Amino acid sequence: MAFDVEKIREDFPILSRVLPNGNRLTYLDNGATSQKPEVVIERLNRFFREENANIHRGLHYLSAEATSNYENARNSISEYLQTPEDSELIFTRGTTEAINLVTHGFSGEIKEGDEIVITLMEHHANFVPWQILAQKTGAKIRYVTVKDNGELDMEDWEAAFTEKTRIAAFTHVSNALGTINPVAEMTAFARERGVLTLIDGAQSVPHGPVNLQALGGDFFVFSGHKVFGPDGIGVLVGNRDILNRFPPYQSGGDMIDKVAVEGTTFREAPEKFEAGTPNISAVIGLAATFEYLSGLDWDGVRKHEQSLLQETTERLKSAGGVRILGEAPGKASVISFLMDDAHPQDIATILDNVGVAIRTGHHCAQPLMTHFGITGTARASFAFYNNRDDVDALMAGIEKVKRIFS
Ligand code: PMP
């Protein structure tokens, strides 16, 4: 069906909320978390009203039904992501846990003197776990710099690789700048040098289907709550052989093969990495989310998001006194900005007073902020359900900020 934003908005009950201060909700904090369509809310509701049971261990009807819905979710989400044949899909708590699982897995493999490549535009979730891994093992991290316009410096990226490089981790889309990195090129470059790669897809999957076979790489991670699905759930897609040689991340029920006083043997991935009762409802809710997303006209979505991005960028620039951080060509619909006199906190507070939700601060990307010599920005991040009224509300708020601070 052709993309019609007003029709799409009807799918998201929260978008018609009127806030206690009487303002229409203008939700421009999609980079932090996105809103949920009615079908996902209903799917969660149905699970708890009619289907709730623990999986894998029960012989009764409800348990078998929940188990099959859980495993079917793994399959349908794999299909949506076009995962490679030689990969496994593991459910985690989110992007953060997925990356920690991978860095924990590498802790026995990385040796003193090995090198890890990450970038200065990483979210702390794809920064700190690598730092901790490096500290534990004596490995060295090389940080790839970012150009003034927010693009990753590809010359610096290539120069960061040495004989000792073992792993490279990088974001697909920057949460603070909106930059879309050339990840297929990056995974190919690394692979040619025998270097393993992890792609942080937390900010890319919300903007359109990804084809993991085409992107390449050994690990891909993202969070359910940013892709219009439930929170407390995330996905790690990883190369099967590498996962199977990793030690368990957590241990306990469900991940074992045989437990005895003499010792325990483990199952293979994915079960090996899903110890204990998982977030069953959220997995089933996430499958419903991707079913919903599969029905969208993504060409239409991309055009729509790009036109919101362009219009907002132009209007912010012509408002005067606004500096936009990150203008990489073809970027995603995320706008980080600063205003001459107003602190980002002031901008967000004034916008909140008129019902506009944006985010301020370092966006969990302090190394990037330091690189640009700032402590934070104001950030408006758009999803496909945002419309021109949202842009108008944002701009009316910006005019108010200007009046107060002029
Ligand atoms: N990576 C990126 C690029 C992100 O934007 C975020 C969330 N802001 C994360 C990782 C962490 O995701 P989560 O908090 O859902 O684990």
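Quantities reported herein were computed from a predicted structural model and do not represent experimental measurements. Counting starts at 1 for both ligands and their atoms, following the listed order.
Not a single heavy atom of His124 sits less than 4.0 Å from an atom of ligand 1. Between Asn126 and ligand 1 there is no heavy-atom distance shorter than 4.0 Å.
For Glu122, no heavy-atom contact with ligand 1 is shorter than 4.0 Å. When heavy-atom distances to ligand 1 are checked against a 4.0 Å cut-off, Thr96 comes that close through both its backbone and its side chain. For Thr95, heavy-atom contacts with ligand 1 shorter than 4.0 Å involve the backbone as well as the side chain. Contact annotation: for His363 versus ligand 1, there are no heavy atoms closer than 4.0 Å.
Residue, atom and distance of the protein heavy atom nearest to atom 7 (C) of ligand 1 are Lys226 NZ, 2.5 Å. The protein heavy-atom contact nearest to atom 5 (O) of ligand 1 is Gln203 NE2, 2.7 Å. Nearest protein neighbour of atom 3 (C) of ligand 1, counting heavy atoms only, is Asp200 OD2, 3.5 Å. In terms of protein heavy atoms, atom 4 (C) of ligand 1 is closest to His123 CD2, 3.3 Å.
Looking at Arg240 and Asp86, no side-chain N of the basic residue comes within less than 4.0 Å of a carboxylate O on the acidic one, giving no salt bridge. Salt bridge annotation for Asp29-Arg379: present, with a cationic side-chain nitrogen under 4.0 angstrom from a carboxylate oxygen. Salt bridge annotation for Asp389-Arg9: absent, with no cationic side-chain nitrogen under 4.0 angstrom from a carboxylate oxygen. Salt bridge absent: Asp257 and Lys272 never bring a charged side-chain N and a carboxylate O closer than 4.0 Å.
Put simply, the side chain of Asn45 never gets that close to the backbone of Ile41: no donor and acceptor are under 3.5 Å apart.
Between the side chains of His123 and Thr171, not a single donor N or O lies within less than 3.5 Å of an accepting N or O. Side-chain contact, Asn23 with Asn21: a donor N or O sits under 3.5 Å from an acceptor N or O.
Each of the atoms 5 (O) of ligand 1 lies under 4.0 Å from some heavy atom of Asn175. Counting the atoms of ligand 1 from 1 in the order shown, those under 4.0 Å from a heavy atom of Thr171 are 3 (C).
Of the residues Glu50, Glu291, Glu51, the one that meets the salt bridge (charged side-chain N to carboxylate O under 4.0 Å, His left out) test with Arg43 is Glu51.
When ring centroids are compared, Phe47 and Tyr70 stay outside the 6.0 Å threshold.
The heavy atom nearest to atom 13 (P) of ligand 1, out of those in Ala125, Ser223, Gly94, Ala202, is found in Ser223.
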